[in-house]
Asks: 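Shown below is the structure under consideration.
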Amino acid sequence: MADATKYVPIGGTNLSTDLKTLSSVLKTRKTVAFAYAFIIAFVAFTVFLAFSPSPNASSPWFTNIFSSTSSPDGSYKPQIPAIFSLLFPNTSSPSNSSDPLPNNTNTSRSANINATSSPHLNTTSETQTLKATSFLNRTQTSDVSSQDAVPFPTTNQTTNSHAPSLEAKSSPPLVAKETSGVVKNHTFNSAEVKAITTNQTTNATAPATPATNVSVSFPVQKVPHQNSNSNSSVKADSVKGVASNDNYTASLARKQINGKNHAKGNDESMESLMKCDFFDGKWVKDDSYPLYKPDSCSLVDEQFNCIRNGRPDKEYLTYKWKPKGCSLPRLNAHRMLELLRGKRLVFVGDSLNRNMWESLICILKSAVKDKKKVYEANGRVHFRGEASYSFIFKDYHFSVELFVSPFLVQEGEMTDKNGTKKETLRLDLVGQSSSQYKDADIIIFNTGHWWTHDKTSKGQDYYQEGSHVYSELNVLEAFRRALTTWSRWVDANINPSKTVVFFRGYSASHFSGGQWNSGGQCDSETDPIDNEKYLTEYPDKMIVLEKVLKNMKSRVTYQNVTRMTDFRKDGHPSIYRKQNLSPEERKSPLRYQDCSHWCLPGVPDIWNEILYAELLMREYRNQHEQKKT
């Protein structure tokens with residue numbers, strides 16, 4: 001009974017009720033204690049994470065946890081998911097990207113990225129962001145001095161490129177000191193880092209300064225040199241400034257400026273050429289000439305191939321023509337091939353035009369990769385007694401042709417009263433091959449040298465018009481009538497909208513002590529004339545030619561080479577006109593010299609250089625006329 005009373009509750013309550021009351025009190029105290037313990041642990045853990053030491057003084061952990069994120073409506077909210085991503089690393093936050101950026105993506109490729117639509121600019125997960133930042137911290141070297149580091153301009157913006165506040169801040173290009181063996185750019189896996197890659201242009205929806213560097217919420221304030229083994233898609237020397245897009249833009253701007261300057265310089269050069277008298281100048285030494293290697297062109301006739309024929313001096317090869325009012329552009333064979341693409345260029349005249357024709361083919365052929373695709377079409381072709389030649393440049397679909405017509409009018413025969421046939425020159429008819437070349441794109445005419453021969457000079461029973469043969473006619477008058485016939489044919493048959501017509505004037509000869517068939521010589525000449533007072537008098541025939549040209553309806557470009565060639569008494573083949581001399585020539589080799597034609601390479605190359613300048617100017621005029629229309 002006494003034992004029983006020990007456990008009788010005061011107030012008469014029973015034991016069961018007292019035990020339940022005591023249990024509830026104990027449970028409440030344990031809950032409170034656990035709650036306090038949890039809060040204290042949470043705060044301690046959070047403080048530890050927030051202030052944990054980092055090689056980067058800016059403490060990116062703290063920044064990533066407590067930095068705010070811009071929302072599309074312009075408001076800001078804490079990055080709470082970042083905390084949970086730390087506590088629960090296997091949990092991924094929702095992503096706005098349906099096509100996450102792969103870990104091995106090369107983010108420094110050259111591209112134009114639209115910030116308003118590209119899914120790659122949105123962060124796939126906060127875990128990726130923190131991993132990339134941690135990776136950066138591990139790979140940076142802390143022993144780089146601050147003077148080698150270049151400040152990296154940043155803005156208070158996040159990786160959400162949809163934010164209307166994404167605005168580019170322009171900054172002056174800063175050039176970092178270069179260190180050998182240093183890789184200055186990394187390929188990062190985070191979309192945040194993607195915004196600072198070098199060869200990249202970000203087009204934001206907000207108005208921005210064009211092509212400037214945009215740094216989006218990247219905590220690194222300085223970019224030290226990094227000795228890292230991470231993959232880099234940009235060469236080390238490609239980033240000399242901090243603002244990478246500034247560098248890209250500056251490079252692009254320089255190219256545009258250089259392009260404009262080049263175009264402006266080209267315009268000024270063309271304008272200068274169009275105002276220039278190409279034929280008033282002097283010969284100057286230039287060791288970069290000739291335009292092709294001597295004895296390298298198999299097309300050159302033996303009589304023009306002076307080097308092969310044993311000419312010992314080489315100085316005559318190293319001269320170029322310098323007009324007083326401008327500088328002739330050096331003949332660019334590749335450029336001229338393009339100018340002639342799809343065209344037909346024809347030379348019509350005497351053996352001096354053959355000199356120029358062979359020179360041009362050799363110059364152009366030297367620039368063709370496959371020499372087998374430059375070939376003679378049919379060899380020597382005769383059309384009604386007049387010879388013609390044609391070379392094809394297959395890859396460029398054009399031909400360079402020669403029609404032999406020494407007088408530009410017909411040579412013929414007539415039977416006299418006694419039944420004897422004699423040669424005549426029809427002053428009233430152009431060459432019979434004229435119908436073969438009238439539709440060419442470019443025609444270069446010449447005549448002159450054959451008008452100095454005995455028969456033409458004397459003019460007795462030689463010149464014919466209709467059925468009448470003049471018993472005697474002055475050679476200058478005959479020359480004028482022949483050129484008038486030619487000019488009327490050009491006016492009537494040449495389409496000026498299709499065909500460009502040139503007339504190359506008389507090329508000077510330098511026979512001393514006689515003419516070509518009477519012992520004239522020039523073999524001792526090795527230097528050009530350097531004083532104008534020693535030049536010969538301007539030929540009367542060229543005065544006649546110039547008057548005829550002025551009266552033409554068609555536009556004819558006159559290449560007045562008479563004076564420029566008069567300086568070059570050193571440029572003729574002279575005794576080096578052939579290798580194998582005849583028995584008579586061996587007896588007196590000095591008697592048979594060529595002082596009218598030109599060695600190749602040599603003077604005719606410059607005629608073609610002037611032709612090249614003329615074609616460039618024509619192209620320039622056509623382009624400007626098209627712009628106006």
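Quick note: residue numbers are just sequence positions, from 1. These numbers come from a predicted model, not from an experiment.
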Asks: List the residues meeting side chain to side chain donor-acceptor pair (under 3.5 Å) with S574, not counting sequence neighbours, and say none if there are none.
Replies: none
Asks: Check step by step if salt bridge (charged side-chain N to carboxylate O under 4.0 Å, His left out) holds for K550 and E546.
Replies: CA-CA 6 Å; K550 287 180 181 178; E546 289 164 10; 5.9 Å; no
Asks: With a 6.0 Å cut-off (strictly less than), is the heavy-atom count around CD of E423, excluding the residue itself, greater than 12?
Replies: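 No, CD of E423 has 12 or fewer neighbouring heavy atoms, counting only those of other groups under 6.0 Å.
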Asks: I'd like to know if the side chain of S554 pairs up with that of D491 as donor and acceptor (distance under 3.5 Å, no hydrogens or angles considered).
Replies: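 There is such a pair (donor and acceptor under 3.5 Å, judged by atom type) between the side chains of S554 and D491.
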Asks: Please tell me whether E477 and Y470 have a donor and an acceptor in their side chains that are separated by less than 3.5 angstrom.
Replies: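 There is no such pair (donor and acceptor under 3.5 Å, judged by atom type) between the side chains of E477 and Y470.
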Asks: Supply the atom-to-atom distance W357 CH2 to C362 SG, rounded to the nearest 0.5 angstrom.
Replies: 9.5 Å
Asks: Assess the residue pair F393 and I361 against the criterion (side-chain contact (heavy atoms from CB on, under 4.5 Å)); give the C-alpha distance rounded to whole Å, side-chain angles, the decisive distance to 0.1 Å, and a yes or no.
Replies: CA-CA 9 Å; F393 287 75; I361 295 174; 4.2 Å; yes
Asks: Before accepting this row, confirm whether a basic side-chain N of the pair E302/R308 lies closer than 4.0 Å to the acidic partner's carboxylate O.
Replies: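 Salt bridge flag = no for R308 with E302.
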Asks: Examine R330 relative to Y612 and say whether NZ or CZ is less than 6.0 Å from the centre of the six-membered ring and inside a 45° cone about the ring axis.
Replies: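 Geometry flag: not set, cation outside 6.0 Å or 45°.
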Asks: Distance alone, cut at 3.5 Å: any donor-acceptor contact between the side chains of Y538 and N560?
Replies: yes
Asks: In Å, rounded to the nearest 0.5 Å, how long is the span from CD of Q559 to OG1 of T557?
Replies: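 Result: 8.0 Å between the selected atoms.
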Asks: Cationic tip of R568 within the cone over W598's six-membered ring, i.e. under 6.0 Å and within 45° of the normal?
Replies: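 Pair R568/W598 does not count as cation-pi.
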Asks: Going by atom types alone, do S351 and N353 pair a side-chain donor with an acceptor below 3.5 Å?
Replies: no
Asks: Salt-bridge test for R341 and E338: reply yes if a basic N is under 4.0 Å from a carboxylate O, no otherwise.
Replies: yes
Asks: Which residue pairs satisfy the ring pair (Phe, Tyr, Trp, His ring centres under 6.0 Å) criterion with at least one member in residues 478-500, sequence neighbours excluded?
Replies: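 The answer is Y437-W489, F445-W486, W451-F479, W486-F503.
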Asks: Report yes or no: do S359 and N608 form a side-chain donor-acceptor pair below 3.5 Å?
Replies: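 Present: a donor and an acceptor within the cut-off.
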Asks: Is it the case that more than 12 heavy atoms not belonging to R563 sit under 6.0 Å from its CZ atom?
Replies: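 Yes, the 6.0 Å shell around CZ holds more than 12 heavy atoms from other groups.
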Asks: Taking atom NZ as the centre, does K547 end up with more than 12 heavy-atom neighbours from other residues, nucleotides or ligands that are less than 6.0 angstrom away?
Replies: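 Check fails, neighbour count at 12 or below.
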Asks: A quick test of your reading: do over 12 heavy atoms of other residues, nucleotides or ligands sit less than 6.0 Å from NZ of K372?
Replies: no
Asks: Ignoring hydrogens and angles, state whether a donor on the side chain of S288 or D286 is under 3.5 Å from an acceptor on the partner side chain.
Replies: yes
Asks: What ring pair (Phe, Tyr, Trp, His ring centres under 6.0 Å) pairs are there with at least one residue in residues 290-309, not counting sequence neighbours?
Replies: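 Counting only pairs at least two positions apart or across chains, the ring pair (Phe, Tyr, Trp, His ring centres under 6.0 Å) contacts touching residues 290-309 are F304-H597.
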